[in-house]
Amino acid sequence: MFYYLIRKLLFLIDPEKSHIFVLKCLILKHNHRFKKKSYIKKASKNIKCMGLTFENKLGTAAGIDKNGDYINCLSEMGFGFIEVGTVTPLPQSGNPKPRLFRIISKEGIINRMGFNNLGIDNLIINIKKSCFKGIIGVNIGKNRDTSIKNAINDYLICIEKIYYYASYITINISSPNTIHLRTLQYGTLLTNLLYNIKKKQNELHKKYLKYVPLVIKISPDLSKTELKNISKQLIKYKIDAVIATNTTLDHSLVSGCKNSLEKGGISGLPLQKKSTNIISILSKYLQKKIPIIGVGGINSVNSAKEKIKSGATLIQIYSGLVYHGPNLIKEIIKNI
Ligand SMILES: Cc1cc2nc3c(=O)[nH]c(=O)nc-3n(C[C@H](O)[C@H](O)[C@H](O)COP(=O)(O)O)c2cc1C
């Protein structure tokens, strides 16, 4: 109830400014309260996935904390794992503002941030500084100025630099806001990428005597045939998990609403069914050989349960927090 009052004020501010404002408030709160809330410990059921132990099934989706500035305070909110990023090899400013829009009537968000981030080296500094001992996933992408032909190099640079510090690494090939990025989901571009990242993982596993799982994040706009092909390749190359899904380009989901014509990927409630459907299809093709991390439109305990029922081992959330506030974390963790 309290959050819905605060939300009224937050929604008067520009969405990107309001996002940063909320995170800065979390830091202030964190500085005053170092102890985890008791419900987290009571409600937690440890989950094994990708060979790692997660404190609970709910994590932050990429994009909330692009640079790893808020790892400590996000972990105190109860999340079982934190995924930071997307980060790229070099810092970049992303698309011109405004680039983030609320679709309030549908509980949706449109974003065309374009991987605004301070680069992988800055993220490493922030991870080293954090005192969180749980699972930190690092989501990586390519710089805007790197051609698709050379994209693999950007992923390899990031993997090499972050391997030692990450619990798992997510290869983001599904953001709709970096031109041609999604083509990495198909054909030889995909197989070359998978082959090379597995090779790098093998090398670094030997070097650091530490196995860091590699996860692929896919789009919700893939057809059944495309999902079948991707699943085959993920199994063939022994990818450790798949995140389904990123934002959708299907603007018919919000047609007629204010801001619906803004370019970018849609998240939140309008995406919910679409991403759950992708999880169901994937789960059929992957036959439990590769775990699925479900994300897209989780805004309640029921929608979280649906993702798990459809085949997700772990789940992540972003837009639901904007619309329902931090209590939703507690509700979901207690009930899944
Ligand atoms: C403002 C914003 C920024 C995002 N940035 C990223 C990103 O950098 N990398 C990524 O893989 N996904 C990013 N996402 C997608 C989310 O991680 C998630 O896949 C998507 O929003 C669906 O989940 P949701 O409906 O719970 O928001 C972003 C989403 C939003 C709303």
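No experiment lies behind these values; they were computed from the predicted model shown. Count residues from 1 along the sequence. Whatever order the structure lists ligands and atoms in, that order sets their numbers, starting from 1.
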If you measure every N or O of Asn111 against every N or O of ligand 1, does any of those distances drop under 3.5 Å? no
Show me which atoms of ligand 1 lie under 4.0 Å from any heavy atom of Asn139. 10 (C), 11 (O)
Step by step, work out the salt bridge (charged side-chain N to carboxylate O under 4.0 Å, His left out) result for Glu306 and Lys309. CA-CA 5 Å; Glu306 261 173 36; Lys309 211 171 76 193; over 6 Å; no
Gly268 near ligand 1, heavy-atom distance under 4.0 Å? yes
Leu100 heavy atoms, cut-off 4.0 Å: which ligand 1 atoms fall inside? 1 (C)
If you measure every N/O of Gln316 against every N/O of ligand 1, is any gap under 3.5 Å? no
Taking 4.0 angstrom as the limit and counting only heavy atoms of Thr86, give me the atoms of ligand 1 inside it, by number and element. 7 (C), 8 (O), 9 (N), 10 (C), 11 (O)
Protein contact of atom 26 (O) of ligand 1 - nearest heavy atom, named by residue and atom, plus distance: Tyr318 N, 3.0 Å
For atom 4 (C) of ligand 1, the closest protein heavy atom turns out to be Gly63 CA, 3.7 Å
One residue to check: Lys66. Relative to ligand 1, which of side chain, backbone, both or neither has a non-hydrogen atom less than 4.0 Å away? side chain
Of all the atoms in ligand 1, which lie at a distance below 4.0 Å from a heavy atom belonging to Val295? 18 (C), 19 (O), 22 (C), 23 (O)
So Tyr237 and Tyr195, would you call those rings parallel, tilted or perpendicular, with 30° and 60° as cut-offs? perpendicular
Go through Lys97 and Asp14 one step at a time and tell me if the salt bridge (charged side-chain N to carboxylate O under 4.0 Å, His left out) criterion holds. CA-CA 10 Å; Lys97 294 174 188 173; Asp14 161 77; over 6 Å; no
Only heavy atoms count here, so choose which of Ile110, Leu271, Thr247 is nearest to atom 22 (C) of ligand 1. Leu271
Would you check if the side chain of Asn172 reaches a backbone N or O of Ser175 as a donor-acceptor pair within less than 3.5 Å? yes
With heavy atoms and a 4.0 Å threshold, my read on which part of Lys217 contacts ligand 1 is side chain
Number the atoms of ligand 1 from 1 as they appear, then name those within less than 4.0 Å of a heavy atom of Gly297, with their elements. 24 (P), 25 (O), 26 (O)
With heavy atoms of Asn172 as the reference, note each atom of ligand 1 found under 4.0 Å away. 9 (N), 10 (C), 11 (O)
Ligand-side contact atoms (ligand 1) for residue partner Asn246, heavy atom cut-off under 4.0 Å: 10 (C), 11 (O), 12 (N), 15 (C), 19 (O)
What about Phe79 and Phe54, are their ring centers closer than 6.0 Å? no
When rounded to the nearest 0.5 Å, the distance separating OH of Tyr211 from CG of Asn202 is 9.0 Å
Given Asp69, Asp65, Asn67, the one that forms side chain to side chain donor-acceptor pair (under 3.5 Å) with Asn126: Asp69
Quick one: nearest non-hydrogen protein atom to atom 31 (C) of ligand 1, plus distance? Ser267 OG, 3.5 Å
Measuring only between side-chain heavy atoms, which start at C-beta, is Arg182 closer than 4.5 Å to Leu249? yes
Are Thr245 and ligand 1 in contact, using a heavy-atom cut-off of under 4.0 Å? yes
ring-ring contact (aromatic ring centres under 6.0 Å, His included) between Tyr208 and Tyr165, intermediate numbers included: CA-CA 11 Å; Tyr208 293 112; Tyr165 304 98; 8.4 Å; no
Among Ile329, Leu328, Ile64, Thr60, side chain to side chain contact (heavy atoms under 4.5 Å, CB included) partner for Ile317: Leu328
Look at the rings of Tyr323 and Phe11 and say which category their plane angle falls in: under 30° parallel, 30 to 60° tilted, over 60° perpendicular. perpendicular
When Phe132 is tested against each of Ile127, Leu74, Asn72 for side chain to side chain contact (heavy atoms under 4.5 Å, CB included), which residue passes? Asn72
Ala62-ligand 1 polar pair, N/O distance under 3.5 Å: yes
With atom 24 (P) of ligand 1 as the reference point, say which of Ser319, Gly114, Ser174 has the nearest heavy atom. Ser319
